[in-house]
Each structure stands twice: as structure tokens, then as C-alpha cells.
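These notes are about the structure you will find just below.
All residue numbers in this chain count up from 1 along the given sequence.
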Amino acid sequence: MPRAVRLLTMDTVGYSKWGGGLEEVPGGHQGRWGQRLLFLGLVLVVATVLWALILSILVSKASVERGALLGHQDLLRTNGLGTQALLQRARTELGEAQAKLIQQESALKELSDRVTQSLAKAGRDREDIRSELFRALEAIRLGNSSCEECPASWLPFQGSCYLFSVERATWEESQRQCAGAGAHLVIVGDLEEQGFLSRNTRGRGYWLGLRAVRRARKIQGYQWVDGVPLSFSHWNVGEPNDSLGREDCAMMLRTGMWNDAPCDNERDNWICEKRRSC
């Protein structure tokens with residue numbers, strides 16, 4: 001048999017499983033490759049379907065999550081707008097409350113000023129009434145022939161006796177000198193009494209019975225030696241100025257105007273005052 005024919009015959013004939021002889025296999029090599037290609041095609045189809053199913057699930061899940069995120073974003077935007085509206089309303093209410101508080105503070109200050117002015121006026125009226133009553137009583141007493149005359153060197157005025165010293169001393173020493181004579185440093189009640197004193201200054205400076213009331217190193221007011229707060233005053237221009245924070249005592253200048261000075265100043269005279277006794 002020719003070689004080509006023999007090879008062709010061997011290509012279409014297989015070996016027998018048991019006898020070792022050749023056995024014919026239908027289709028040969030072409031049949032086996034066709035089955036393999038069909039199997040691979042089925043595998044690819046199944047894999048494609050699975051991937052398509054997985055992708056659809058993933059896309060669906062991503063779509064749901066995206067929708068949820070958009071919903072949360074809208075909710076946050078809505079809440080943010082609501083919060084801004086609340087903040088704006090709170091700012092408006094706070095501004096209105098502050099405006100009302102300012103108005104109330106202004107009204108309270110005005111009321112406090114009125115009360116202070118009324119109290120000051122009432123104090124002045126009380127002192128005026130006290131002075132007028134005292135003068136009336138003294139006038140009645142002066143009508144009695146048993147009233148004592150002012151001592152020598154003392155000047156009479158409206159029921160009182162006044163001594164203008166020729167010596168000089170500190171405020172404390174001056175007050176002691178007056179007390180030793182049964183008197184006190186002069187208390188000036190009104191402009192008439194001030195005029196009387198000014199006419200008798202004799203070109204000197206004199207201590208008055210007036211001292212500063214100081215708290216925490218600051219002057220809160222002035223008080224006479226009898227404990228009555230200052231109502232009538234005759235201060236010089238720019239006084240009292242509490243120079244160097246140590247001018248607690250009041251004195252009358254040569255012009256009759258008042259000035260504050262250190263209480264330990266020894267360059268001034270003093271004026272004593274006492275009521276005439278009947």
C-alpha cells in the first residue's frame with residue numbers, strides 16, 4: 001500500500017481498547033474540537049449572563065444609594081435653610097430685646113436723676129426750714145432782756161456770736177480752740193451769713209467748720225461739724241479740687257470765697273461760732 005494511503009487510513013482508524021487493534025472513531029479530530037468549542041461557547045454565555053446579572057445588581061444598588069444620598073443632601077439643605085431662618089429670627093429678637101433694655105435703662109436713669117434732684121431739693125428745703133425756725137426762736141430769745149451779750153471780741157449776727165481769731169493753727173487745733181470757748185468752727189447757712197463773714201475777713205484766710213467725707217480715698221461729699229451735709233456753698237472758681245488727694249478741710253479766702261486745703265496747714269486763722277444764750 002502506498003505511504004500516503006496508509007497514513008490516511010491510520011488517521012481515520014483508532015486503536016481498540018482491549019485488543020490493541022485499530023478501531024474507527026466517528027468524526028476524528030474535528031469532532032473533538034467542535035465539542036470543545038461548543039463547551040467554551042456555553043461557558044462564555046453563562047459567564048456573560050452572570051456578569052450581566054451582577055452588574056445589574058450593582059447598578060441597581062448604586063442607584064438606590066445615590067437616591068438615598070440625594071435625599072440626605074436635600075434634607076440637609078432644607079435643615080440648613082431652616083437653621084438659618086431660626087438664627088435670623090433669634091438675632092432679630094435679640095436686637096429687639098437689647099433696644100428695649102436700652103430704653104428701660106434710659107427711663108430708669110431719668111427716674112433716678114429725678115429722685116436725686118428731688119431728694120437734694122428736699123434736703124435744701126429741710127435745712128432752710130431748720131434755719132428759719134432756729135432764727136425765729138433766736139429772735140424770740142433776743143427779745144428777752146435776760147439774753148447774754150456776746151463776749152468781748154465776738155461779733156453778733158442773727159442770734160449767734162462770731163470770733164475771728166488773730167492766731168493761726170491747723171484745722172484740728174482751731175476746732176479745739178473753739179470748743180474750749182464753748183463754740184465750734186463756723187457753720188455757714190446762707191448767703192446773708194456768708195456776706196457777714198466776708199465783710200469781716202480783714203484780709204486773711206479762715207478755717208470753716210466744713211470737712212470732706214472720704215471713702216476709699218475718694219471724696220463723697222462735705223459735712224459740717226454738726227453732722228449736717230453741705231447744702232449752701234460759696235466755693236471759689238475751680239474749687240474744691242482736692243489737690244494731691246489731701247485737701248479735706250475747707251477755709252475762706254481773703255475774698256470770702258471758699259477753698260479746700262490740707263487740714264494740717266498752719267497758715268490760716270479760724271472763725272468760731274456759738275449761739276447767744278438767753
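Under the 4.5 Å side-chain criterion, counting only non-hydrogen atoms from C-beta, Leu197 is in contact with Val186. Put simply, the side chain of Leu230 reaches to within 4.5 Å of the side chain of Leu210, judged on heavy atoms. With a 4.5 Å cut-off on side-chain heavy atoms, Val188 and His234 do not count as touching. For the pair Lys274/His184, no side-chain contact is recorded, criterion being any heavy-atom separation below 4.5 Å from C-beta on. Contact of the Met257 side chain with the Glu239 side chain is not registered, since no non-hydrogen atoms from C-beta on lie closer than 4.5 Å. Two residues are said to be in side-chain contact when any heavy atoms from C-beta on lie closer than 4.5 Å; Leu155 and Phe196 meet this criterion. Annotation: side chain of Trp258 is not in contact with side chain of Leu253 (no heavy-atom distance under 4.5 Å). At least one side-chain heavy atom of Cys272 sits under 4.5 Å from a side-chain heavy atom of Trp154.
Scanning both residues, Met252 and Thr201, for their nearest heavy atoms gives CE-CG2, 3.5 Å. Between Cys178 and Ile271, the shortest heavy-atom contact is SG-O, 4.2 Å.
Remark: Asp242 engages Arg214 in a salt bridge, criterion side-chain N to carboxylate O under 4.0 Å. Ion pair Arg168/Asp268 not flagged as a salt bridge, since none of the NZ, NE, NH1 or NH2 atoms sits closer than 4.0 Å to an Asp/Glu carboxylate oxygen.
For the atom pair Leu44 CG and Leu37 CG, the distance stands at 10.5 Å (nearest 0.5 Å). With values rounded to the nearest 0.5 angstrom, Cys249 atom SG is found 10.0 Å from Glu247 atom CD. Summarising the geometry, atom OG1 belonging to Thr48 is positioned 10.5 Å from atom CG belonging to Leu55; distances are rounded to the nearest 0.5 Å. The structure places CD of Gln104 at 13.0 Å from CG of Leu111, a figure rounded to the nearest 0.5 Å. Within the model, atoms CG of Leu101 and CD of Gln98 stand 8.0 Å from one another, a figure rounded to the nearest 0.5 Å. Here Leu185 contributes atom CG and Tyr206 contributes atom OH; the two are 13.0 Å apart, rounded to the nearest 0.5 Å.
Checked against a 6.0 Å centroid threshold, the rings of Trp235 and Tyr222 count as neighbours.
Listed for the Trp51 side chain is no donor-acceptor partner under 3.5 Å among the backbone atoms of Val46. Between the side chain of Ser174 and the main chain of Thr170, a donor-acceptor pair closer than 3.5 Å is present. Without hydrogens or angle criteria, Glu266 side chain to Asp264 main chain gives no donor-acceptor distance under 3.5 Å. Under a 3.5 Å cut-off, the side chain of Asn236 and the backbone N or O of Asn259 do not form any donor-acceptor pair. Under a 3.5 Å cut-off, the side chain of Glu273 and the backbone N or O of Ile187 do form a donor-acceptor pair. Checking side-chain atoms of Trp207 against main-chain N and O of Ala169 turns up a donor-acceptor pair under 3.5 Å. When atom types are taken as modelled, the side chain of Gln177 and the backbone of Glu173 share no donor-acceptor pair closer than 3.5 angstrom. Under the 3.5 Å distance criterion, the side-chain polar atoms of Asp260 are matched with a main-chain donor or acceptor of Asn241. Between the side chain of Ser198 and the main chain of Gln194, a donor-acceptor pair closer than 3.5 Å is present. Under the 3.5 Å distance criterion, the side-chain polar atoms of Ser60 are left unmatched by any main-chain donor or acceptor of Ser56.
Side-chain atoms of Glu192 and Gln158 include a donor-acceptor pair closer than 3.5 Å.
Heavy-atom contacts from other residues, nucleotides or ligands closer than 6.0 Å to CZ of Arg36 number more than 12.
In the hydrophobic clustering of this structure, Tyr162 groups with Met251; members are Ile, Leu, Val, Met, Phe, Trp, Tyr whose side-chain heavy atoms approach within less than 4.5 Å, directly or through other members.
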>> Evaluate Trp171 against Asn265 for side-chain contact (heavy atoms from CB on, under 4.5 Å), listing each step before the verdict.
In response: CA-CA 7 Å; Trp171 190 93; Asn265 183 8; over 6 Å; no
> Does the pair Phe164 and Arg204 meet the rule for a side-chain contact (heavy atoms from CB on, under 4.5 Å), with working shown?
Replying inline: CA-CA 10 Å; Phe164 293 79; Arg204 300 176 182 176; over 6 Å; no
> Could you walk me through whether Arg202 and Arg254 pass the side-chain contact (heavy atoms from CB on, under 4.5 Å) check?
Replying inline: CA-CA 7 Å; Arg202 302 171 186 173; Arg254 298 176 181 180; over 6 Å; no
> When you look at Arg215 and Val213, which way does the side-chain contact (heavy atoms from CB on, under 4.5 Å) test go after all the steps?
Replying inline: CA-CA 7 Å; Arg215 295 190 184 92; Val213 178; 4.2 Å; yes
